[in-house]
Amino acid sequence: MQASMDIARLLRPESLAIVGASEDQSKFGGRLLRMVLRHRFAGPVYPINAKRDTLFDIKAYPDFDALPAVPDMVVLAVPQSSVKGTIEAAASMGIGCGLIITAGFSDAGEAGRKVENEIVSIARAHGMRLIGPNCLGLISAANRLAACSSPVLEIAELPQQPIGLVSQSGALMTTFFDRAWAHGIGFSHGISVGNQADLELADFVEFLADDPDTQVICTYIEGIKDAQRFVAAARRARAAGKPWLAVKAGRTEAGCRAAFSHTASIAGNHAVFAAVCEENGITLMNDLGAMMTLAASMVRYPSSAVNRIAIFTPSGGGGALASDALFERGFSLASFSDITHGVLHEHYAQGQANNPVDFGSRISSDPARAAQDTVAALQADEQTDGIFVPVTMAPFMLTSELVRAQASPFAGNAGKPVLFTVEAGVTSDPLRALLRERGIPYTNTLDEAMNVWTAWRRHAQHQCFEKPRRPDALPSAPEPGTYDEDASKAVFRRYGIPVNAGAIASSADAAVRLAKEIGYPLVMKIASRDIVHKSDIGGVAVGVADEAGVRETFERLCAAARRAMPDARVEGVSVQAQVKGELELIVGARRDAQFGPVVVFGAGGVLVELLAQRAIACAPASNEHIRALLATLPVWRILEGYRGAALAIDKVVDAIARVSWLAADLADRDFELDINPLIVGKHACWAVDARLRIA
Ligand code: ADP
Ligand code: MG
């Protein structure tokens, strides 16, 4: 892997050769050459075409040997069968970077993958790096380089703003460039990564993190090639203070399958991916349009807090719907200061001088002044974080004042976040034009606006957690095997995870002896590594109160097991202390195929279905991190003492952290670990059921 300084040089070439160049606009190479020339790439362009002396009035060359100098980059828009030979020639000539548009490699099956690997080996042997294959190319406004054949490039000028885009789909990249450009949003660089045979998404993100022309990084992702590189890129972007926004396909099984058949990338477990993004400051979104709008908003308003929103609208109905939408997304409507109320009373009827501010109900005579005073008051109000302007249909001479007011007196990039939504159709196009002219981001739907606000707030709330510290005196990792409840608890006990007292009895007499040691009431369970769901077969008895009960229960549990699972290996009957708590949690851990060991936790017992939400953290996780995740779950209110005293939160956090260390110790193995339930009381918690399987 090379340093990203090198990648910066690769992605900002000063000269370009295009193999497969022609004038034929039905071909990739024909359109691409025209776009490179149209957008006036500054350096020399060398079209390579054996049959022509000139193409579009510039000199063409028959082959690499004829070139007057070694170009920095070569673009390949040639048939699949000649890619390997061309890369061989280019690499041995010393060209630093190959951009391969051609498809039909790992995207087309095993044979293609083999050729792709060979091409990478050839390039690497000569120190050449590759973008693609199977990509749509590179569009760098910052470098006036449009090495891409897309018809969206027919525009006169590439709009430039400090937003970078890395996309695993070329078509989505150009689709959203087109749409963003229509909203007045420009980009520094757009990179279509294709099959990522050599350079991959993380390389390009690191390039953007270091790039002076980029402040916000946008990505469209289908699958991660290398989890560690991905996380490292996130750290780099974070250290550079550049927000990383990501849309990822494969949130559902259907999406995973589609992503796989598209770029052959495994989408991975989405919940784990989402947790990794959250931990590393990447803001995950579902909506490409909202991602573009948010990126532009972050560039214009680099402010951080986005929670208490003021609505300023020409319509009472628009304000009401916007209030609902914000409230449903968990935002609070800003409550205004007395100063703001004073200003609003000058312009609005009593009772209308509230949030939402209804511009339509003005009573003062000058709409321009009313708009300006309102915006100035909201901008100055310490209890307002951002201003949302859902614009419904009204005469342009009125709605345009809402836009003009934003620029004065807070012109430029200062001030609180402002977002417009223009919901009407073509009649509002003049308003959209005015917004573009002023560089103010807007959406066309309330829903997209909500996606922007929500992601913006999540970005602002990303936390950086302390590095987890290994608790003292942890043992070494347990041996492979399938552990029954008792054996699993023994492992947990060594890791300092609290478990209830108990042991296995192989006879009714032994059970009675154990019962005397432990004390009544007791829980008795069938002990077998083959019986995973004990209560399902009648293998759990709670509230066993005396010696007669122990004897009777012992026989009953053994009989139940014999009846339900005659072949199960039965170790005996577990006799254990019955603990009393207020809440059951579930805590699990396993190895994610991409990101390694993770812990998962949430409400357990009968609440499993009711409060299905789970938190996930990469293992090991710090106590601080686990506590913050717990606090996002609905069950947190119960832990905090909803209707009563708080429960033993510190002990729960410590237990989960220790589970995460056990998971981390098993990092290079396939394993499953389940505690269900962890019973939580006011002063303690206990894992009363446990299971561990290590491959
Ligand atoms: P299963 O294999 O069916 O999951 P568990 O060991 O989890 O069996 O027991 C079923 C339920 O019984 C638990 O969810 C819990 O509510 C209760 N339980 C089990 N062990 C204890 C115990 N030691 N103290 C109190 N309740 C317990
Ligand atoms: Mg259980």
Side-chain angles (χ1 to χ4, degrees), residues 482-493 497-505 511-512 514-546 549-550 553-554 556-565 568-590 599-612 614 635 638-639 647-648 651-652 655-656 659 672-693:
T482 300
Y483 293 65
D484 65 11
E485 179 183 321
D486 210 61
S488 305
K489 283 176 171 174
V491 172
F492 292 175
R493 201 177 282 120
I497 301 158
V499 297
N500 61 327
I504 293 178
V512 169
L514 273 173
K516 281 192 184 119
E517 277 170 38
I518 296 166
Y520 296 98
L522 286 168
V523 175
M524 292 172 67
K525 305 177 190 172
I526 197 72
S528 163
R529 76 190 89 169
D530 297 324
I531 303 175
V532 177
H533 300 292
K534 299 173 290 284
S535 25
D536 288 358
I537 62 138
V540 177
V542 296
V544 180
D546 51 30
V550 171
T553 305
F554 187 94
R556 180 160 55 80
L557 295 179
C558 292
R562 272 196 304 274
R563 208 167 37 245
M565 294 183 72
R569 290 165 287 184
V570 173
E571 274 83 33
V573 168
S574 161
V575 179
Q576 53 184 264
Q578 177 163 324
V579 300
K580 207 184 135 8
E582 316 284 326
L583 174 68
E584 297 195 350
L585 295 179
I586 179 168
V587 182
R590 61 191 166 74
V599 273
V600 184
F601 47 97
V606 290
L607 296 177
V608 162
E609 276 100 55
L610 273 181
L611 305 174
R614 296 259 192 289
V635 75
I638 304 175
L639 284 167
L647 306 186
K651 300 238 162 86
V652 170
I656 298 172
V659 168
E672 277 168 54
L673 178 168
D674 275 299
I675 298 175
N676 188 18
L678 179 81
I679 294 184
V680 187
K682 291 198 172 71
H683 306 291
C685 65
W686 307 266
V688 301
D689 184 19
R691 225 173 72 79
L692 180 60
R693 191 191 57 78

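Just follow the structure's listing: the first ligand is 1, and inside any ligand the first atom is 1. Here the structure is a predicted model, which is why all the values come from computation and not from measurement.
For the pair V550 and Y520, the minimum side-chain heavy-atom distance is below 4.5 Å. Side-chain atoms of D484 and E571, non-hydrogen and from C-beta on, do get closer than 4.5 Å to each other. Under the 4.5 Å side-chain criterion, counting only non-hydrogen atoms from C-beta, F601 is not in contact with L678. Side-chain contact check for I497 versus V587: every heavy-atom pair is 4.5 Å or farther apart. The shortest distance between side-chain heavy atoms of V688 and V579 falls below 4.5 Å. Proximity of R529 to R693: side-chain heavy atoms (C-beta onward) are nowhere separated by under 4.5 Å. Within the 4.5 Å cutoff, no side-chain heavy atoms of E517 are placed close to those of V575. In this structure the side chain of L583 reaches within 4.5 angstrom of the side chain of V635, judged on heavy atoms.
In summary, an N, O or S atom of D689 is located under 2.8 Å from the Mg ion (ligand 2). Note on S535: not counted as a metal contact of the Mg ion (ligand 2), no N/O/S atom lying under 2.8 Å.
In this structure, the protein non-hydrogen atom closest to atom 10 (C) of ligand 1 is S535 OG, 3.9 Å. Among all non-hydrogen protein atoms, the one lying nearest atom 6 (O) of ligand 1 is K525 NZ, 2.6 Å. Among protein heavy atoms, atom 17 (C) of ligand 1 sits closest to V542 CG1, 4.3 Å. Protein heavy atom in closest approach to atom 25 (C) of ligand 1: V579 O, 3.3 Å. When hydrogens are left out, the protein atom nearest atom 11 (C) of ligand 1 is V540 CG1, 4.9 Å; that is the closest non-hydrogen contact. The closest protein non-hydrogen atom to atom 2 (O) of ligand 1 is K534 N, 2.8 Å.
Residue contacts with ligand 1: E584 is placed with a nitrogen or oxygen under 3.5 Å of a nitrogen or oxygen of the ligand (distance criterion only). An N or O contact shorter than 3.5 Å is missing between H533 and ligand 1 by distance. On a distance-only criterion, V523 and ligand 1 share no N/O pair closer than 3.5 Å.
Distance check, rounded to the nearest 0.5 Å: CD of E582 to CG of L639 gives 11.0 Å. Interatomic distance, OG1 of T482 versus CZ of R569, reported as 7.5 Å (0.5 Å rounding). The CD atom of Q578 lies 12.5 Å from the CE atom of M524; values are rounded to the nearest 0.5 Å. Separation of atoms CZ (F492) and CG (L692) is listed at 5.5 Å; rounding is to 0.5 Å.
Each of the atoms 25 (C), 26 (N) of ligand 1 lies under 4.0 Å from some heavy atom of I679. Taking every heavy atom of N676 and a limit of under 4.0 angstrom, the matching atoms of ligand 1 come to 7 (O). Near V532, meaning under 4.0 Å from any of its heavy atoms, are these atoms of ligand 1: 2 (O). Near Q576, meaning under 4.0 Å from one of its heavy atoms, ligand 1 places the atoms 20 (N), 23 (N). Near Q578, meaning under 4.0 Å from any of its heavy atoms, are these atoms of ligand 1: 24 (N), 25 (C).
Of the options D689, V688, D674, the smallest heavy-atom separation from atom 18 (N) of ligand 1 is shown by V688. Of the options G539, P677, A690, the smallest heavy-atom separation from atom 14 (O) of ligand 1 is shown by P677.
Residue contact annotation: G502 has no non-hydrogen atom under 4.0 Å from ligand 1. Contact between I531 and ligand 1 is absent, with no heavy atom of the residue lying under 4.0 Å from the ligand.
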Note to self: For a side chain to side chain contact (heavy atoms under 4.5 Å, CB included) check, start with the C-alpha distance between N500 and K489, then their side-chain angles and the critical distance, and finish with the verdict.
What the structure shows: CA-CA 9 Å; N500 61 327; K489 283 176 171 174; 2.9 Å; yes
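Contact annotation: for N500 versus ligand 1, heavy atoms closer than 4.0 Å belong to the side chain alone.
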